[in-house]
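Please read the structure below before turning to the comments.
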Amino acid sequence: MKNSEIAARLRELGDLYELDGAVSYRVLAYKQAAKAILDSPVSVTQMAEQGRLEELPGVGKTIAEKVSALLAEGEIPAARKLKERIPATLVDMLRIPGLGAKTVRAIHDQLGIEDLAQLQAAAEQQEIRGLKGLGAKAEENILKGLAGLEARGADEERILLSHVLPLAERLAADIGAHPACDRLEIAGSARRMVETCKDIDLIASSDQPADLVTAFVGHELVDEARSKGEAGASVLTHHGTKVDLRVVAPDQFGNLLQHFTGSQAHNVQLREAAVKQGLSVSEYGVAETESGESLRCRTEAEVYERLGYRYIEPELREGRGELEAARTDALPELIVDKDIRGDLHCHTTLSDGRSTLREMASAAKRMGYGYLAVTDHSASHGFGDHVTADQLRKRIDEVRNLNDELKRFTLLVGSEVNIGTDGSLDYPDELLAELDWVVASLHTSFRMGDAKLTARMIMAAEHPYVDCLGHPTGRLIGRREPYGIDIERVCAAAAETGTMIEINANPNRRDLSEHHARLANEAGVRIVINTDAHGVDTLAENMRYGIATARRAWLTKADVANTLPWSRFAKLRKRAG
DNA sequence: GCCGTTTTCGGCCCGACTGTTTTCAGTCG
């Protein structure tokens, strides 16, 4: 069973317990365990088989037993029992904004309503207002919420970071340049460079907040203001993206930015630890519980310092051990954009790229890189984009000639070779030996079973001319789940054979994920960050998302091979040793 | 239900908003 499915079942159980009136902390425990399972880089099913479930943060004896039961029987006995008393369809109602467990339970118990259709009918017939604490407004919100659910479908609307960031950066630049603006930063999940975002948070400081809010609401990207006040506003852009602006006085900017950057898990852990020191943290300051005296901070660094921590980079603020590391001076010095010296996975018009060899080479050189490996698809690639062995031989000459023209830049000839269903590659070894660099990737037969996929990847890693594994789990964020390969075994094989593994920086992929990249690094695998660019535009644009994934995986410059100049990188390739 | 530089029991962030209420419960981020 996939981690995402186990997590969904635990979330459902948490919802059922909540509807059953369980104490909130018990409900929270299930949600946190579900999150930990979703974030687990390795198969939780496999962890269960090995009796390792309790290694997951937030999973104790009880939840471990429930996961084991789920895997053995296909369902959790506790959930089955709850469903005898509480219709499972009530869980759907919790997705209506403003409706929580208490309200849903009251509607069910007192009106006998069991699903969304009955809820709609009751709201239309004004039956809801008969309940204590609910009125006409509640009915209105329920109908609005139901319409919203229908409109956006079953999936929670999360937007790819690469769609959110340009919008956020444009707004930040424009609002930040307003005369009334003192400081302005993007906050929230976009600042943490999470793969997908729900909305955009902007934090500003100003002595004339009203002017700033007016400028924000009137911006040309803004469609409508949903609410607007002295301290900020919430708007929808023409894209339909929600953007919140919060404005404070300059001396509280650090507190507000820290609060709204999150994540929730990070803030909860930060605040729990603060309480034990007799301090209380909020978006307005760090207060001493005893005296009530509050410290206002202009910068986030002051907030962390007051609590006994070194400054923590936003990408690390996920409640994954960063507070402990910040307290003991054990934070990694994260890789930064300018550390990257070359790119080792891109395409040209020879296969499915949009730019020519020369255009890609010039663009890479302009960007300040020292080298670029051109890796078009291989002989068995479909869609008319395949490259025959003869075409590749011609390409080798073409690259050598162009390379002679380029000063202080190394153009490398490579290939992104398909890993066949039997683990073999689709060029002869003699040809692969002539290349500077080979990325091996899966492009076909994803559904042949996890064990076979794992075997294919391991065979590729063991091949003497495979320098690197490309987009190893094949996921497309929000569209296609990763293959269920045994990432621990693939990493072990890669570390053993000296095969590198890429973080594919395409913002739709980010593959390795941050969780897998952290695991791979700890397993001793050498990581490369590649754009998989299909044109000069994405050659420049994609890299930041790969860097972001690396940073969220706690990687330093030393952990990533293409921070080295080509002369040193070249010696790290398997074929060089 | 989880977890331990004050705890194996008794804690488990902080504040705003909404809609319904005359002081608050429920929900949300």
Side-chain angles (χ1 to χ4, degrees), chain A residues 10-11 13-36 53-67 76 78 93-107 128-142 144-145 156 187-189 192 197-201 203 226-227 229-232 234 242 244 246 248 252 255-256 258-287 289 294 303 307-308 319 323-324 327-328:
Chain A
L10 284 184
R11 265 198 310 272
L13 181 56
D15 285 337
L16 289 167
Y17 274 130
E18 191 173 17
L19 288 165
D20 196 40
V23 292
S24 59
Y25 296 112
R26 192 166 161 210
V27 175
L28 190 64
Y30 280 94
K31 309 233 155 131
Q32 284 175 338
K35 177 83 164 53
L53 286 175
E54 289 181 56
E55 288 175 21
L56 292 162
V59 175
K61 194 161 171 287
T62 306
I63 292 183
E65 277 170 11
K66 287 184 169 149
V67 171
I76 304 172
M93 292 190 205
L94 296 175
R95 286 167 43 226
I96 296 171
L99 275 198
K102 299 254 167 69
T103 312
V104 168
R105 191 59 201 260
I107 290 173
I128 306 286
R129 64 183 65 182
L131 303 183
K132 188 168 184 294
L134 297 174
K137 198 77 186 178
E139 286 166 349
E140 205 178 297
N141 285 338
I142 286 170
K144 210 190 283 179
E156 275 300 295
S189 49
R192 303 198 314 279
C197 304
K198 220 172 65 182
D199 57 14
I200 297 171
D201 291 304
I203 301 299
R226 307 200 328 167
S227 70
E230 265 287 292
S234 177
K242 181 167 162 280
D244 291 325
R246 286 281 302 255
V248 274
Q252 287 175 311
N255 303 104
L256 195 70
Q258 194 285 322
H259 173 80
F260 276 99
T261 297
S263 65
Q264 193 184 2
H266 175 83
N267 281 355
V268 167
Q269 289 178 15
L270 182 84
R271 289 165 180 199
E272 281 178 358
V275 168
K276 288 173 185 157
Q277 302 177 61
L279 297 169
S280 170
V281 181
S282 81
E283 59 261 57
Y284 302 110
V286 181
T289 313
S294 184
V303 177
L307 298 168
L323 287 167
E324 170 69 10
R327 205 168 52 75
T328 56

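Treat the numbers as computed from the prediction; the structure is a model and nothing was measured. In what follows, chains carry the letters A, B, and so on, assigned in the order in which the sequence lines appear, proteins first and then strands, with residues in each chain numbered from 1.
- Nucleotides B/dG15 and B/dT5 are separated by 26 Å at their P atoms, to the nearest Å.
- You'll find the side chain of A/Leu10 reaches within 4.5 Å of the side chain of A/Ile76, heavy atoms only.
- Using C1' as the reference atom, B/dG11 and B/dT6 are 12 Å apart when rounded to the nearest Å.
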- Item | Residues A/Arg129, A/Glu139; criterion salt bridge (Lys or Arg N to Asp or Glu O under 4.0 Å); working and verdict | CA-CA 7 Å; A/Arg129 64 183 65 182; A/Glu139 286 166 349; 2.8 Å; yes
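- Note on A/Glu18 versus A/Lys31: salt bridge recorded, some NZ/NE/NH1/NH2 to OD/OE distance being below 4.0 Å.
- A/Ile128 is listed as a side-chain neighbour of A/Ile107, based on a closest heavy-atom distance under 4.5 Å.
- Under the 3.5 Å distance criterion, with hydrogens and angles disregarded, no donor-acceptor pair is assigned to the side chains of A/Arg246 and A/His259.
- Distance noted for atom C1' between B/dC14 and B/dT21: 24 Å (whole Å).
- Protein atom CZ of A/Arg26 is 16 Å distant from nucleotide atom C1' of B/dC12, rounded to whole Å.
- A/Tyr25 does not qualify as a stacking partner of the B/dC2 base, lacking a centre-to-centre distance under 5.5 Å together with planes within 30°.
- B/dT22 has its base anti relative to the sugar, with a glycosidic angle deviating from 0 by more than 90°.
- The CE atom of A/Met93 sits 11.5 Å away from the OG1 atom of A/Thr103 when rounded to the nearest 0.5 Å.
- Taking atom CD on A/Gln264 and atom P on B/dC13, their separation rounds to 11 Å, with Å as the unit.
- Residue A/Lys198 has a polar side-chain atom (N or O) positioned under 4.0 Å from OP1 or OP2 of B/dG29.
- As a whole-Å value, the separation of A/Leu270 CG from B/dG29 P is 21 Å.
- Pair check for B/dG1 finds B/dC12; Watson-Crick or G-U wobble, both atom distances under 3.5 Å.
- Atom P of nucleotide B/dG29 and atom CD1 of A/Ile203 are separated by 16 Å, given to the nearest angstrom.
- The CG atom of A/Leu307 sits 11 Å away from the P atom of B/dC14 (whole-angstrom rounding).
- Nearest-nucleotide positions on DNA chain B for A/Ala29 and A/Arg246 put A/Ala29 closer to the 5' end.
- Ionic pairing of A/Glu65 and A/Lys61 is present here: one or more N-O contacts between side-chain nitrogen and carboxylate oxygen are shorter than 4.0 angstrom.
- Between A/Lys242 and A/Ser234, some side-chain heavy-atom pair lies under the 4.5 Å cut-off.
- B/dC3 atom P lies 15 Å from atom CD of A/Glu324, rounded to whole Å.
- In this structure, the side chains of A/Leu19 and A/Leu94 come closer than 4.5 Å at one or more pairs of heavy atoms.
- B/dC12 sits 15 Å from B/dT7 when the P atoms are compared, rounded to a whole Å.
- Comparing the P positions of B/dG4 and B/dC13 gives an interatomic distance of 15 Å, to the nearest angstrom.
- Summarising the geometry, the separation between CG on A/Leu13 and C1' on B/dG1 is reported as 11 Å, rounded to the nearest angstrom.
- No contact: A/Lys31 has no heavy atom under 4.0 Å from any strand.
- Taking the side chain as every heavy atom from C-beta outward, A/Ser280 and A/Arg271 never approach each other to under 4.5 Å.
- Using a 4.0 Å cutoff on non-hydrogen atoms, the parts of residues 275-285 of chain A near DNA chain B are A/Val275, A/Lys276, A/Ser280, A/Val281, A/Ser282, A/Glu283, A/Tyr284, ordered by number.
- Here B/dC12 is the nucleotide among B/dG1, B/dG29, B/dC12 with the atom lying nearest to any side-chain atom of A/Glu272.
- Taking 4.5 Å as the limit, some side-chain heavy atom of A/Gln258 sits within range of a side-chain heavy atom of A/His266.
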Nucleotide by nucleotide, nucleotides 18-27 of chain B touches protein heavy atoms under 4.0 Å in the pattern (B base, S sugar-phosphate only, - none) -SS-----SS
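- If you take atom C1' in B/dT27 and the same atom in B/dT20, they sit 13 Å apart, rounded to whole Å.
- Distance A/Asn267 CG to B/dC12 C1': 16 Å, rounded to the nearest Å.
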